[in-house]
Amino acid sequence: MIDTRWGKVGEVMGHEGPRLQLRPPLGGREWEAAPAVVRPASDAEVLSAKARDDRSPRPAARPISPVVPLNWYE
């Protein structure tokens with residue numbers, strides 16, 4: 001499902017009264033949304049949400065080129 005207020009993809013985990021409880025596809029903190037503001041997510045939207053999940057590990061920053069000593073030109 002997509003919460004159209006925020007453009008966030010979430011799986012329906014349950015409901016509390018009339019409100020749905022959604023959770024990001026790869027886990028994380030749940031949030032609530034009214035049924036009127038959610039719509040089914042396409043496969044592409046779900047895949048995109050999984051790819052940009054903020055909890056996914058990222059490689060450590062590395063310099064693009066080797067570090068050159070300050071006296072390299074001497």
Side-chain angles (χ1 to χ4, degrees):
M1 302 297 278
I2 297 236
D3 183 339
T4 59
R5 298 172 302 169
W6 313 109
K8 288 176 61 175
V9 175
E11 296 177 11
V12 177
M13 302 308 295
H15 63 87
E16 189 68 36
R19 301 185 64 79
L20 299 173
Q21 295 170 331
L22 303 171
R23 184 184 67 165
L26 296 178
R29 179 176 248 167
E30 291 184 3
W31 76 94
E32 292 188 348
V37 300
V38 297
R39 66 170 175 79
S42 70
D43 292 339
E45 289 169 322
V46 172
L47 184 61
S48 177
K50 287 180 179 180
R52 71 172 180 264
D53 185 357
D54 289 340
R55 296 181 54 214
S56 64
R58 290 181 173 77
R62 295 189 179 110
I64 294 172
S65 60
V67 176
V68 179
L70 293 176
N71 62 353
W72 70 274
Y73 56 88
E74 293 176 359

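Below, each value reflects all heavy atoms present in this structure, side chains not excepted, and no hydrogens, waters or symmetry copies.
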Charged N-O contact under 4.0 Å between Glu11 and Arg23:
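Answer for the salt bridge query: yes.
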
Heavy-atom pair of closest approach, residues [X] and [Y]:
| X | Y | result |
| --- | --- | --- |
| His15 | Gln21 | N-OE1, 4.0 Å |
| Val38 | Met1 | CG2-CE, 3.6 Å |
| Gly10 | Trp31 | CA-CH2, 3.8 Å |
| Ala33 | Asp3 | CB-OD2, 3.7 Å |
| Arg5 | Glu32 | NH2-O, 3.0 Å |
| Lys50 | Leu26 | O-CD1, 3.6 Å |

Reported CD-to-CD distance for the pair Glu30 and Glu16, which is rounded to 0.5 angstrom
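Going from the CD atom of Glu30 to the CD atom of Glu16 covers 11.0 Å.
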
Is any side-chain heavy atom of Val12 closer than 4.5 Å to a side-chain heavy atom of Leu22?
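A side-chain contact exists here, since the closest heavy-atom pair is under 4.5 Å.
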
